[in-house]
Student: 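Next up is a structure, given as structure tokens.
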Amino acid sequence: MIQLYNVSKVYDNGVPAVSDISLRIAKGEFVFLIGPSGAGKSTLTKLIFREQLPSSGQIFFRGRNILRFGPREVLQLRRQIGVVFQDFRLLPRKTVYENVAFALEVIGRSRKEIRERVPAVLARVGLSGKEDAFPDQLSGGEQQRVGVARAIVKRPLVILADEPTGNLDPDTSREIMDLFEVINRDGTTVVIATHAWDIVNRMRKRVVALENGRLVRDEERGSYSYGA
Amino acid sequence: MIQLYNVSKVYDNGVPAVSDISLRIAKGEFVFLIGPSGAGKSTLTKLIFREQLPSSGQIFFRGRNILRFGPREVLQLRRQIGVVFQDFRLLPRKTVYENVAFALEVIGRSRKEIRERVPAVLARVGLSGKEDAFPDQLSGGEQQRVGVARAIVKRPLVILADEPTGNLDPDTSREIMDLFEVINRDGTTVVIATHAWDIVNRMRKRVVALENGRLVRDEERGSYSYGA
Amino acid sequence: MALNSLWYCTRQACISLTRNFWLGVASAAMIAVSLIILGAFLLVAVNANQFMRIVESTVEINVFLEDDADVRDLQHRLAGLRGVEEIRFVPKQQGLQELKKAFGERHDLLSGFEGENNPLPDSFRVRAERAELVPTLAQQISFFPGVYKVRYGQEYVEALVKVTRWVNVVALGAVVLLGAGAVFLIVTTIRLSMVARQDEIGIMKYLGASNWYIRGPFVLEGMVVGLAGACAAVATLGAGYYYLVVVLERLPLLFFIQPVTDPNMLLSIFGGLLGLGLLMGGVGSLISVRKFLQV
Amino acid sequence: MALNSLWYCTRQACISLTRNFWLGVASAAMIAVSLIILGAFLLVAVNANQFMRIVESTVEINVFLEDDADVRDLQHRLAGLRGVEEIRFVPKQQGLQELKKAFGERHDLLSGFEGENNPLPDSFRVRAERAELVPTLAQQISFFPGVYKVRYGQEYVEALVKVTRWVNVVALGAVVLLGAGAVFLIVTTIRLSMVARQDEIGIMKYLGASNWYIRGPFVLEGMVVGLAGACAAVATLGAGYYYLVVVLERLPLLFFIQPVTDPNMLLSIFGGLLGLGLLMGGVGSLISVRKFLQV
Ligand SMILES: Nc1ncnc2c1ncn2[C@@H]1O[C@H](COP(=O)(O)OP(=O)(O)OP(=O)(O)O)[C@@H](O)[C@H]1O
Ligand SMILES: Nc1ncnc2c1ncn2[C@@H]1O[C@H](COP(=O)(O)OP(=O)(O)OP(=O)(O)O)[C@@H](O)[C@H]1O
Ligand SMILES: [Mg+2]
Ligand SMILES: [Mg+2]
């Protein structure tokens, strides 16, 4: 599904965020991306849906080099990926309902389908009753769950979730992670960057650990630990 | 230090975020505020430094009713409290150094003192070398630590930290919490709203639990649990 | 699908307009102010032009005839000239009357010249279509048989021609400058209001929204705001101009200030302003969004 | 402490200006465009006023004397009148010469009136300070001993007075309107650019920053931007006006368009524009920030 070959990213100000990473994620996998703060987890996910372009290396999505994509193909790429952003990135002038519906409108779904799916997804992340609230009328955890709902509502091929439970209590975190697992069982590839060591240890999925922008560990059924 | 008497907050859109809470926090205490997502933790902290006004009830800070404060006294109140915001609220057009220095400039500290203290604090939260970066050039966890540095640099009477480790890995989270404990030992009152159950359980401080806007538990040397 | 998109754009634009009501009002007001200034100047320019044409129409060529001139033949010749607007024959008696009138109270000075003693010749008064044609016409006429002398206010005509050209150049220049200024003001306003939405546009891009999907509502919103501003401008200008016309009519002595009331001309000015507002709103939004679409 | 604050404001304003360079340039350009329009109109108004005054100065009262009038005494009386600008004595010979000139080529008509036969009386030509004084003066003079008749172009003077009043009213109205428009444009621009910083201001408030601490840099920045825009406007207007003056001088026939070149007048206009830019930038920022300080 996703392949990275010797990918490096040096930001404009000279910070090397990701260094020489090669990685292969197959269709249907469930991957935890772990590492200390500033290790390059977010940068790696941004490279995959082309928010950022790598300084060197190649990135393939479904066998095609995304660095050669034209504008239309970039759109298609992003429509096939559901992203949960670490900083939420909700549309501030749209209600919760509209924010989630927007992800479906973008991919051209019918209004009927939107009216069915959006409330169902909001219920699954525990936001029933908050449909008409604007993002600045939500608690931190509620905003985060809107981000999760927006990513999963379009049933994408791949879900990239960057720290999706950072503002959630343990119970809700577990529910959200279970939700990702259910979606993964239906065949969706899931990549989650996280600091939730308890959940990583409990779920025993593939764990990819970064440190200082380098890949330091890649383990099936791994646990939360990195470095020496 | 801080007293709340029958405080309730109903937001403009009719959401009752905090209901009839009475609470007393003595000088030098260390309090964890816990509760599920949307329980009203952030609202409670916002009430204390007068970002929000309660719908009913009284709030006292150092024996004085903050609801009767005029503009000048509100400034004084806020200068005596160091706040870590759940959504960081860094000044986007200032560098990391300037963001932290701003908290000292506001309370009228000399430039010499600023030049000494800011780098020291940045070093303690592990951000040495990031002084000249702008907030949008930082990882999520780095931004959060800038927020922590800004709150503690002015050595306030009270620290209100809203989810200060949500974007930090376990090791860094522990370091930050240890930092708060050190500061608390020097006499600073510390109130931390958090979901980090592991840290709450390890540190064994006073725990105040909210659920649906109500105070459901208040326990010295408590552990992370709420509800029935 | 296309209809679906149109519906989407319209709905989004409506939502955005109501949720950002004050931003929209501010932008519309900016557009209105710009267009009022531009429109007021257009009206001034049109009126200046008409005023010059009225002044021009007062310029006459005096053609004095020999005593034995063939009046009919000359009349035909004059009528055949290009650029002649009007020809009037003035027999010498009438010429004397006019001279007396010019003398006013002292006309008794001329009392000895009545009847047979009238020393004035017969003459034609010729009006040209434009003042600048007068010198050439005068020269052509002077060669006609039976013409004793041709006279016109040479200095006056030359000055008039120069002033006319100047008024035209200045008016055109000012309208172009003001137009450019208005366009600049409008585009900058829209761009400034767009900065606040920069993040929004970026987020939409990351969600895979196509450029037109993002632009559409903005452009429609811009057009609505632009049209609203232009309507306000046209209403203000129209009312102000109407009032001015009414007031000027009440001052009969200001005979030489005859405001333009040709409905076609006024409609094309006001219509042009409306179109400009619409266009500016739409194109301005389009250009402003473009900058933020490079994600 | 006060010095410290000033230093802080200056430093913050400088940092902000360099980091938000394009926003500053856009705002300055908006201010420049507004002030250019306002300034251009001020110049037009000042020139129109001067033009009217030149036209007024051509209005003369003809005072015809009785044959036995005491010229010296009359001259004294006329000089004693309020509102008289200039008095000129015209003996009857000179009167005849002027009449002949008016007759132009046909002056031979008057050849019988030379010397003793001259039917014209001696006269004074009186110029008033302002055209509107002419009717009153004429009446006063007509009662003086030795005055045979007083004449002036009554219709002409009345029309002139009305036009002058109109030009003044229209010019003042337009300047006020354009000034209000410019102020509105500038304030709205600053407010729009402030929306982008709304969050920033809120954060500063929550950190305990006093209102002046937040406002200071914004106001200083606004003043710098306003002054920059005003400087651009004054430079453009100054160069354009200088060019116009030079061109008009080269057209000697446009005798009646004498552009205002009085340095005091021009300096006060340009200085006023600079002050307006500075003030608007500062006050505009102050007002705009205020809205966001209510936290
Ligand atoms: N836009 C940017 N410009 C410059 N440097 C950046 C930018 N974004 C991130 N960085 C730097 O790149 C490094 C990796 O950042 P990244 O956001 O990928 O870390 P992360 O693993 O997601 O950390 P966290 O767990 O704190 O979110 C950090 O040192 C950060 O300062
Ligand atoms: N500005 C607001 N306007 C309206 N409702 C609000 C606003 N802020 C919060 N709320 C609502 O008030 C309730 C409590 O919110 P609060 O932010 O205090 O929760 P919290 O305990 O901090 O949750 P979290 O752990 O997710 O941050 C929530 O239901 C939320 O939707
Ligand atoms: Mg990250
Ligand atoms: Mg919260």
Side-chain angles (χ1 to χ4, degrees), chain A residues 11-15 17 34-43 46 85-88 95 125-127 129-130 132-145 162-163 165-173 175-176 193-198 200-201 209-211 213 224-227, chain B residues 11-15 17 34-43 46 85-88 95 125-127 129-130 132-145 162-163 165-173 175-176 193-198 200-201 209-211 213 224-227:
Chain A
Y11 280 107
D12 290 345
N13 60 352
V15 175
I34 66 166
S37 173
K41 305 180 291 299
S42 298
T43 304
K46 287 175 185 173
F85 299 93
Q86 188 170 13
D87 49 358
F88 313 160
T95 63
V125 299
L127 285 178
K130 292 284 177 193
D132 295 332
F134 286 93
D136 63 2
Q137 297 175 327
L138 296 178
S139 82
E142 286 162 350
Q143 289 178 40
Q144 195 156 44
R145 283 177 280 159
D162 194 355
E163 197 70 63
T165 61
N167 289 277
L168 298 177
D169 57 279
D171 291 348
T172 314
S173 296
E175 282 164 27
I176 294 293
T194 188
H195 295 305
W197 62 273
D198 49 337
V200 174
N201 286 342
L210 299 186
E211 217 176 335
Y224 193 96
S225 75
Y226 45 79
Chain B
Y11 280 108
D12 290 343
N13 60 353
V15 174
I34 67 166
S37 173
K41 305 179 293 300
S42 298
T43 304
K46 286 174 187 174
F85 299 93
Q86 188 171 13
D87 49 358
F88 313 158
T95 64
V125 298
L127 284 179
K130 291 285 177 193
D132 295 331
F134 287 93
D136 64 0
Q137 298 175 326
L138 295 178
S139 83
E142 286 162 351
Q143 290 178 38
Q144 194 156 43
R145 283 177 280 160
D162 194 356
E163 197 69 63
T165 61
N167 288 276
L168 297 177
D169 56 279
D171 291 347
T172 313
S173 296
E175 282 165 27
I176 295 294
T194 188
H195 294 305
W197 62 272
D198 48 339
V200 173
N201 286 343
L210 300 185
E211 217 175 335
Y224 192 96
S225 74
Y226 46 80

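Below, chain A is the first sequence line, B the second, and so on; all start at residue 1.
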Student: Give, as side chain, backbone, both or neither, the part of B/D12 having an atom under 4.5 angstrom from any heavy atom of chain A.
Tutor: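 Contact with chain A is absent: no heavy atom of B/D12 under 4.5 Å.
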
Student: Under the salt bridge (Lys or Arg N to Asp or Glu O under 4.0 Å) test, which residues partner B/D171, sequence neighbours left out?
Tutor: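 With neighbours one apart ignored, the set is B/R174.
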
Student: Applying side chain to side chain donor-acceptor pair (under 3.5 Å), name anything that partners A/T172, two or more places apart in sequence or on another chain.
Tutor: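 Here the qualifying residues are A/D169.
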
Student: Answer yes or no: is there a side-chain heavy-atom contact under 4.5 Å between A/K130 and B/V15?
Tutor: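 Of all side-chain heavy-atom pairs linking B/V15 with A/K130, at least one is under 4.5 Å.
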
Student: Using a cut-off of under 4.5 Å on heavy-atom pairs, state which of B/G141, B/G166, B/S42, B/A17 scores highest against chain A.
Tutor: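 Option with the greatest count: B/G166.
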
Student: What pair of heavy atoms forms the shortest contact from B/E142 to A/S37, and how long is it?
Tutor: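 That would be N-OG, 3.6 Å.
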
Student: Applying the side-chain hydrogen bond (donor to acceptor under 3.5 Å, both in side chains) test to A/N167, which of B/H195, B/E163, B/Q86 qualifies?
Tutor: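 So the option named by the test is B/Q86.
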
Student: By a 4.5 Å heavy-atom criterion (distance strictly below it), what part of B/K41 contacts chain A: side chain, backbone, both, or neither?
Tutor: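 Interface part for B/K41: neither.
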
Student: Does A/F88 reach the side chain of B/D87, with side-chain heavy atoms less than 4.5 Å apart?
Tutor: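 Contact flag for A/F88/B/D87 side chains = no.
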
Student: Among A/G140, A/S139, A/P170, A/G38, single out the residue with the greatest number of heavy-atom pairs under 4.5 Å to chain B.
Tutor: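 Most heavy-atom pairs within the cutoff with chain B belong to A/P170.
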
